[in-house]
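Have a look at the structure below before the remarks.
This one's a predicted model, so the numbers in the text were calculated from it and none came from an experiment.
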Number of protein chains: 2
Amino acid sequence: MPAGRPRNFDVDKALDCALQLFWRHGYEGTSLSMLTEAMGINVPSLYAAFGNKETLFRKALEWYLESPASYMANALKEPTARRVAEKVMSGSIELATHPNNPGGCLLVQGAMAASPEGAPIRHTLSQVRAAGEAAMRQRFERAKREGDLPASADAARLARFVMTMNCGFAVQAAGGASRSQLKEVAKIAMQCWPS
Amino acid sequence: MPAGRPRNFDVDKALDCALQLFWRHGYEGTSLSMLTEAMGINVPSLYAAFGNKETLFRKALEWYLESPASYMANALKEPTARRVAEKVMSGSIELATHPNNPGGCLLVQGAMAASPEGAPIRHTLSQVRAAGEAAMRQRFERAKREGDLPASADAARLARFVMTMNCGFAVQAAGGASRSQLKEVAKIAMQCWPS
DNA sequence: GGAATAATATAGTAATTGATAAATAATTTT
DNA sequence: AAAATTATTTATCAATTACTATATTATTCC
């Protein structure tokens, strides 16, 4: 145990509270007073533990990607491109409509509608989305080499299609669409998958 | 001409300036000082002419729906359901990626990421999106009666599918996706259209 | 037990938010 | 020309924003 007065709050739990707020209200829609109240700490403790609001958001984003949004990495491990696409969409829908979570997706929720001061965060989030799309593209290229996607298929376009669906799910879920409604939509989307 | 000192600004032009800002930055991301600077008027004039920030947004929204977003109403007039879906998606993409416009769609951009104070606006915008989806559903039901959609098709699901694509286009465009990239995505989406 | 260390609590910073009050200027009506 | 009406200007309002300085409390090291 390090010298000095010990923390009387759990950093990981506090970070999870912050994530919930950012997820629901976006970066700029979440104020420090909302954060400190939900995290159960006061402002100087927040700054001591997390730097400032922006670094707190970035830490919450990291945690989001490695835990609630880990469905993406898992989906890429599926054996065929079709099943990858199905898993990405169902994972995205389940995340965006889980009753314990705020509706939608942090990467979408946090990225829209921001004053000029929020531009760096917005930029980071669209980069993260682009990275997900690129990972899918590479996975689909592998599928072409492995033969479970026809050689005529365009990996980049298919990845963009799935990511566009994902963004659409996030908006629809934030607007109140139900899980079963979005699953029906995903089923329709899979009907155009090349076989 | 009414009695009293005449306005020395054009209300419609000022409203259009406000729309540009709300479109780009969302409701809460746009401040009164940004508005007055862009509109070329000072605060009391804004309040006298438009009420307050919220009614100004609602007037900008009305203007948005009847002018830049009129593609939806026009698309519904197409003779077949397939062409309706094609037109809705291409209209949405062109709006969201037009070089003179802010990227994305006001209905999406303004609806995400908001503090609790912005809830009424967020609610209004998701209602407007739901209204568009309902209009499409009715149009597709008519198409079933007219025979250009098979009786087995589900009008509500198809409408939700197209609206989900639209929301996805808006997010992707706001994140920098190009018009041609999104048109390719729309082409893929149309491959699953029932015929 | 005393010094060093680190967290918390209280209070307060300058800047910005949406919104207004009072005074002034420009019209039409009579 | 005077009164009535309406817009603009200037200044300001209380509340909130992200953030910090100071003082206090709790712990470990020596």
Side-chain angles (χ1 to χ4, degrees), chain A residues 1-15 17-19 21-22 24-61 110 113-122 124, chain B residues 1-15 17-19 21-22 24-61 110 113-122 124:
Chain A
M1 190 167 190
R5 180 172 176 173
R7 280 216 174 84
N8 61 5
F9 67 94
D10 183 318
V11 175
D12 289 338
K13 272 188 182 166
L15 188 62
C17 289
L19 170 58
L21 285 177
F22 283 131
R24 189 178 300 278
H25 303 293
Y27 176 63
E28 297 194 69
T30 306
S31 71
L32 281 178
S33 54
M34 293 161 73
L35 287 166
T36 52
E37 188 186 342
M39 297 163 92
I41 63 179
N42 42 29
V43 188
S45 298
L46 188 153
Y47 277 78
F50 301 103
N52 60 13
K53 188 185 173 185
E54 181 169 342
T55 57
L56 172 59
F57 180 89
R58 293 185 186 280
K59 282 169 182 165
L61 171 60
S115 76
E117 286 80 42
I121 295 290
R122 213 169 38 212
T124 296
Chain B
M1 189 168 189
R5 181 172 177 171
R7 281 217 173 81
N8 61 2
F9 67 94
D10 183 317
V11 176
D12 289 337
K13 273 189 182 165
L15 189 61
C17 290
L19 170 57
L21 285 177
F22 284 131
R24 188 178 301 276
H25 303 294
Y27 176 63
E28 297 195 68
T30 307
S31 71
L32 281 178
S33 55
M34 291 162 73
L35 286 165
T36 51
E37 187 186 341
M39 298 162 92
I41 64 180
N42 40 31
V43 188
S45 298
L46 188 155
Y47 277 78
F50 301 103
N52 60 13
K53 188 186 173 185
E54 181 170 340
T55 57
L56 172 59
F57 181 89
R58 292 184 186 280
K59 282 168 182 165
L61 171 60
S115 76
E117 286 79 43
I121 294 290
R122 212 168 41 212
T124 297

Rounded to the nearest 0.5 Å, how far apart are [atom1] of [X] and [atom2] of [Y]?
{"X": "B/N42", "Y": "B/L46", "atom1": "CG", "atom2": "CG", "answer": "9.0 Å"}
{"X": "A/L61", "Y": "A/T55", "atom1": "CG", "atom2": "OG1", "answer": "12.5 Å"}
{"X": "A/K53", "Y": "A/L35", "atom1": "NZ", "atom2": "CG", "answer": "7.0 Å"}
{"X": "B/E117", "Y": "B/E28", "atom1": "CD", "atom2": "CD", "answer": "6.5 Å"}

Determine: side-chain N/O of [X] to OP1/OP2 of [N], distance under 4.0 Å, yes or no.
{"X": "A/N42", "N": "C/dA9", "result": "yes"}
{"X": "B/S33", "N": "C/dT17", "result": "yes"}
{"X": "B/S45", "N": "D/dA7", "result": "no"}
{"X": "B/N8", "N": "D/dT8", "result": "yes"}

What's the closest nucleotide to the [X] side chain, out of [options]?
{"X": "A/N52", "options": "D/dC19, D/dA21, C/dT20", "result": "D/dC19"}
{"X": "B/A3", "options": "D/dT28, D/dT5, D/dC19", "result": "D/dT5"}
{"X": "A/S31", "options": "C/dT8, C/dA26, D/dT17", "result": "D/dT17"}
{"X": "B/K53", "options": "C/dA6, C/dA19, D/dT8", "result": "C/dA19"}

**Prompt:** What about A/R5, does its side chain sit under 3.5 Å from the base of D/dT25 through a donor-acceptor pair?
**Reply:**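 Result: at least one qualifying N/O pair found.
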Spacing between [X] atom [atom1] and [N] atom [atom2], to the nearest angstrom:
{"X": "B/L32", "N": "D/dA11", "atom1": "CG", "atom2": "P", "result": "19 Å"}
{"X": "B/I41", "N": "D/dT8", "atom1": "CD1", "atom2": "P", "result": "7 Å"}
{"X": "A/F57", "N": "D/dA18", "atom1": "CZ", "atom2": "P", "result": "14 Å"}
{"X": "A/D10", "N": "C/dT8", "atom1": "CG", "atom2": "P", "result": "12 Å"}
{"X": "B/E28", "N": "D/dT17", "atom1": "CD", "atom2": "P", "result": "11 Å"}
{"X": "A/M39", "N": "D/dA18", "atom1": "CE", "atom2": "P", "result": "13 Å"}
{"X": "A/F9", "N": "C/dA6", "atom1": "CZ", "atom2": "C1'", "result": "12 Å"}
{"X": "B/E54", "N": "C/dT17", "atom1": "CD", "atom2": "P", "result": "18 Å"}

* Asked: Aromatic rings B/F57 and B/Y27: how do their planes relate, parallel, tilted or perpendicular, breaks at 30° and 60°?
  ->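 Perpendicular, since the angle between the ring planes exceeds 60°.
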*Residue whose closest nucleotide on DNA chain C lies nearer the 5' end, B/V43 versus A/V43*: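 On the 5' side of the pair lies A/V43.
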* **Comparing B/Y47 and A/L46 on DNA chain C - which has the more 5′ nearest nucleotide** =>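 Mapping each residue to its closest nucleotide by heavy atoms, the 5'-most match is A/L46.
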Heavy atoms only, 4.0 Å cut-off, all strands: where does A/T30 land among base, sugar-phosphate and nothing?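 Here A/T30 touches the backbone only, sparing every base.
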message = For a quick check of understanding: with a heavy-atom distance under 4.0 Å over all strands, which category does B/P6 fall into, base, sugar-phosphate or nothing?
response =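 The residue B/P6 makes sugar-phosphate contact but no base contact.
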Original post:
Can you find a pair of side-chain heavy atoms, one from B/K59 and one from B/F50, that are under 4.5 Å apart?
Top reply: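 Heavy-atom side-chain distance check passes, below 4.5 Å.
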- So which one's nearest nucleotide on DNA chain D is more toward 5', B/E117 or B/P2?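 Nearer the 5' end of the strand: B/P2.
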